[in-house]
Amino acid sequence: MFSFNKPILLRKALGLFLVGERRRRRGGGGVVMESTLKELTNGESVLDIKDKCGVAGGVEDIYGEDRATEDQTITPWTFSVASGYSLLRDPHYNKGLAFTEAERDAHYLRGLLPPTVSSQQLQEKKVMHNLRQYQVPLQRYMAMMDLQERNERLFYKLLIDNVEELLPVVYTPTVGEACQKYGGIFRRPQGLFISLKEKGKILEVLKNWPEKSIQVIVVTDGERILGLGDLGCQGMGIPVGKLSLYTALGGVRPSVCLPITIDVGTNNQKLLDDEFYIGLKQKRATGQEYAELLEEFMSAVKQNYGEKVLIQFEDFANHNAFELLAKYRTTHLVFNDDIQGTASVVLAGLIASLKLLGGTLADHTFLFLGAGEAGTGIAELIALEITRKTSVPLEEARKKIWLVDSKGLIVSSRVESLQHFKKPWAHDHEPVKELIDAVKAIKPTVLIGTSGVGKTFTKEVVEAMASLNPKPLIMALSNPTSQAECTAEEAYTWSKGHAIFASGSPFDPVEFEGRTFVSGQANNAYVFPGFGLGIIMSGTIRVHDDMLLAASEALASEVTEDDYLKGRIYPPFTNIRKISAHIAAEVAAKAYELGLATRLPRPSDLVKYAESCMYTPLYRSYR
Ligand SMILES: NC(=O)C1=CN([C@@H]2O[C@H](COP(=O)(O)OP(=O)(O)OC[C@H]3O[C@@H](n4cnc5c(N)ncnc54)[C@H](OP(=O)(O)O)[C@@H]3O)[C@@H](O)[C@H]2O)C=CC1
Ligand SMILES: CC(=O)C(=O)O
Ligand SMILES: [Mg+2]
């Protein structure tokens, strides 16, 4: 075993190279549509931002040493080569019984492993066999998390090869239960916890994370975890799960992914009273205290990782989510998955469904149950797509979209008391309290559930949709399964097999009157991994709505005739890596078109480039 320090001279030389590279690129220039960018870059010129980024594969000062002034402290990182016992304990490099004879000799592993040498394929077979023995989903979740901690490549190999079977384990619905019980099942931290205790020290906390070159952060404050409410610090299961999908579904290397939970307390009394709760035992900080912590976090991320780190906001409550997005979308590379990622996925399903329903989006009438992040986010993207495809102005396009919240239909007489994100949807209509009455009054062709409340699409509601439409499109998007507005079985049986159905959490196929219906999973997991890959691989500096539309079109185009025949408006997850490459390529293409991409020259075949960027979990040979 030996260790070495990264030679300072080499870094200095690379720094000089960077300066030269920047000058060269500044002189060479590219075609940049400055007008498109002004709004997204807070008035900063793109060349300034590109310059800060260390354009186009330039060597970045990832350790912050070159940037630090003399009075600032830096971290003395050293790199060491793992071998022997520590190699077996390092999840990035551990291969367990798959270490070859030669590797066992070269890396001081003799005696630390039993004599058998297994292939990765055999290991995979064994783990899948063991997983299937567990009847309780949470046990499968824990077994998968243990595997991720023990042997990262095997974990991702399993997830990629068995995606339909394992997605419900590491993601919704099981991740919801895992978050509820996170304190009890907590073994080792899988991401960074930043609490109010770390105020003033967030930059130092980021430096404690072992990986220095981070490209994607998924961050939550745990206040709206799926449809399960405020789970405080235990929301960590969500960023961890989302980022494992970035790798498995989108091919983003695990080492560049960083899950973060910001702990400002919780208003969940059950958790505050729970002796195993792992977070701050106090009520949530709000107002200035909250805003200051978030501001420090956002600045520290940019300072530590540069301009091009993608920050995905996840499962914030809507009273913070919209504000954070509005505040940081012009200064940081951010998007909100619940508002924007969900919108992109649902729009894809709607575009695809037109093959079954007929007409254009503008010909349909949409009714939402739930007017929060997901509901209004989807509504706005539908309206935007209509304006892009027709000459209809946005205001006009919005008029075919109606939303119901906990107080009933959103109508103009309520406008004064509505939260700002609901106001565009307050159309002229008399007040309507109940969903069933709204269905009868609005006569929607599409019904979308984004309420977070289970069982709200009752038999009466589904029957009303079926009586109004030959093929009612019903989406029960709320997660986890317990919060779904209705089940697949309910949608198909109550509509007598006429509904086209999709849901946020997966349902098994349903037999009805001799036909098998396979519902699609309308979940943002279809889009964010490919969307993120497209951004990273093109060095994109800001998220633009047209990139979300590009992702929707890309996903919709992947639905096959065979899918339609089965009643699905989303492709199966089995092909997701191919789909993600396609989404990444379209997102990147749009970013280049908008002048937001900094990786130059633009690769000519973006799909091939996306595929070539993807992480593969096959074992590597060690010299
Ligand atoms: N499938 C997917 O990819 C995604 C699914 N989701 C799911 O969507 C759900 C909602 O998330 P999000 O939009 O962020 O949450 P929000 O809290 O922002 O919004 C919830 C909305 O539902 C309304 N609501 C609550 N209860 C009722 C009720 N009984 N009847 C009518 N309306 C009701 C609320 O009304 P009021 O405003 O009056 O309080 C609010 O408008 C969650 O379950 C989440 O898991 C979210 C993102 C992605
Ligand atoms: C899927 C997702 O992001 C949610 O339910 O919040
Ligand atoms: Mg979410």
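Whatever order the structure lists ligands and atoms in, that order sets their numbers, starting from 1. Only a predicted model underlies this, so the values are computations on that prediction, with no experimental measurement involved.
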Check for me whether Q483 has a heavy atom closer than 4.0 Å to any atom of ligand 1.
no
Going by the 4.0 angstrom heavy-atom rule, the piece of A321 near ligand 1 is neither
Nearest protein heavy atom with distance in Å, relative to atom 3 (O) of ligand 1
N524 N, 2.9 Å
Nearest to atom 19 (O) of ligand 1, what protein heavy atom do you find, and at what distance?
G372 CA, 3.3 Å
So, D337 and the Mg ion (ligand 3): N/O/S under 2.8 Å, yes or no?
no
Closest approach of any protein heavy atom to atom 41 (O) of ligand 1, naming residue and atom:
A371 N, 2.8 Å
For Y171 and ligand 2, does the shortest N/O to N/O distance drop below 3.5 Å?
no
Is V345 close enough to touch ligand 1? Criterion: a residue heavy atom under 4.0 Å from a ligand atom.
no
Heteroatom proximity flag, D338 to ligand 1, N/O under 3.5 Å:
no
Is any N or O atom of L477, backbone or side chain, closer than 3.5 Å to an N or O atom of ligand 1?
yes
among protein heavy atoms, the one nearest atom 38 (O) of ligand 1 is S406 OG, 2.5 Å
May I ask you to check whether N268 and Y277 show a side-chain donor-acceptor distance below 3.5 Å?
no
Out of S503, G452, S482, who gets a non-hydrogen atom closest to atom 43 (O) of ligand 1?
G452
Considering only heavy atoms, does I238 approach ligand 2 within less than 4.0 Å through its side chain, its backbone, both, or neither?
neither
Anything under 30° is parallel, anything over 60° is perpendicular, the rest tilted; go ahead and classify Y492 against F517.
parallel
The atoms of ligand 2 lying under 4.0 Å from a heavy atom of L226, numbered in the order shown, are 4 (C), 5 (O), 6 (O)
Nitrogen or oxygen of V453 less than 3.5 angstrom from that of ligand 1
no
So is there a nitrogen or oxygen of D315 less than 3.5 Å from a nitrogen or oxygen in ligand 2?
yes
Between E385 and K389, is there a side-chain N and carboxylate O pair less than 4.0 Å apart?
yes
How far is atom 8 (O) of ligand 1 from its nearest protein heavy atom, and which residue and atom name does that atom have?
S478 OG, 3.8 Å
Of all N/O/S atoms in E314, which lies nearest to the Mg ion (ligand 3)?
OE2
Who's the nearest protein heavy-atom neighbour of atom 1 (C) of ligand 2, and how far?
N479 ND2, 3.3 Å
Is it the side chain, the backbone, both or neither of T342 that has a heavy atom closer than 4.0 Å to ligand 1?
side chain
Closest to atom 17 (O) of ligand 1 among protein heavy atoms sits N318 ND2, 3.5 Å
T456-ligand 1 polar pair, N/O distance under 3.5 Å
no
Have Q419 and H319 got a donor and an acceptor in their side chains that come within less than 3.5 Å?
no
Any salt bridge between K566 and D562, counting N to O under 4.0 Å?
yes
To which of D405, T376, L435, L226 does the heavy atom nearest atom 42 (C) of ligand 1 belong?
L226
Quick check: L369 and ligand 1, any N/O pair under 3.5 Å apart?
no
Among all protein heavy atoms in this structure, tell me which lies nearest to atom 20 (C) of ligand 1, with the distance rounded to 0.1 Å.
T450 O, 3.8 Å
If you measure every N or O of R224 against every N or O of ligand 1, does any of those distances drop under 3.5 Å?
yes
Considering distance alone, does some N or O of K422 sit under 3.5 Å from an N or O of ligand 1?
yes
For atom 25 (C) of ligand 1, the protein heavy atom that lies nearest, with its residue and separation:
S451 O, 3.5 Å
Looking at ligand 1, does any of its N/O atoms fall within less than 3.5 Å of an N/O of A522?
yes
Y246 vs F528 aromatic rings, parallel, tilted or perpendicular, using cut-offs 30° and 60°?
tilted
What do you get for the angle at the Mg ion (ligand 3) between OD1 on D338 and OD1 on D315, to the nearest 10 degrees?
100°
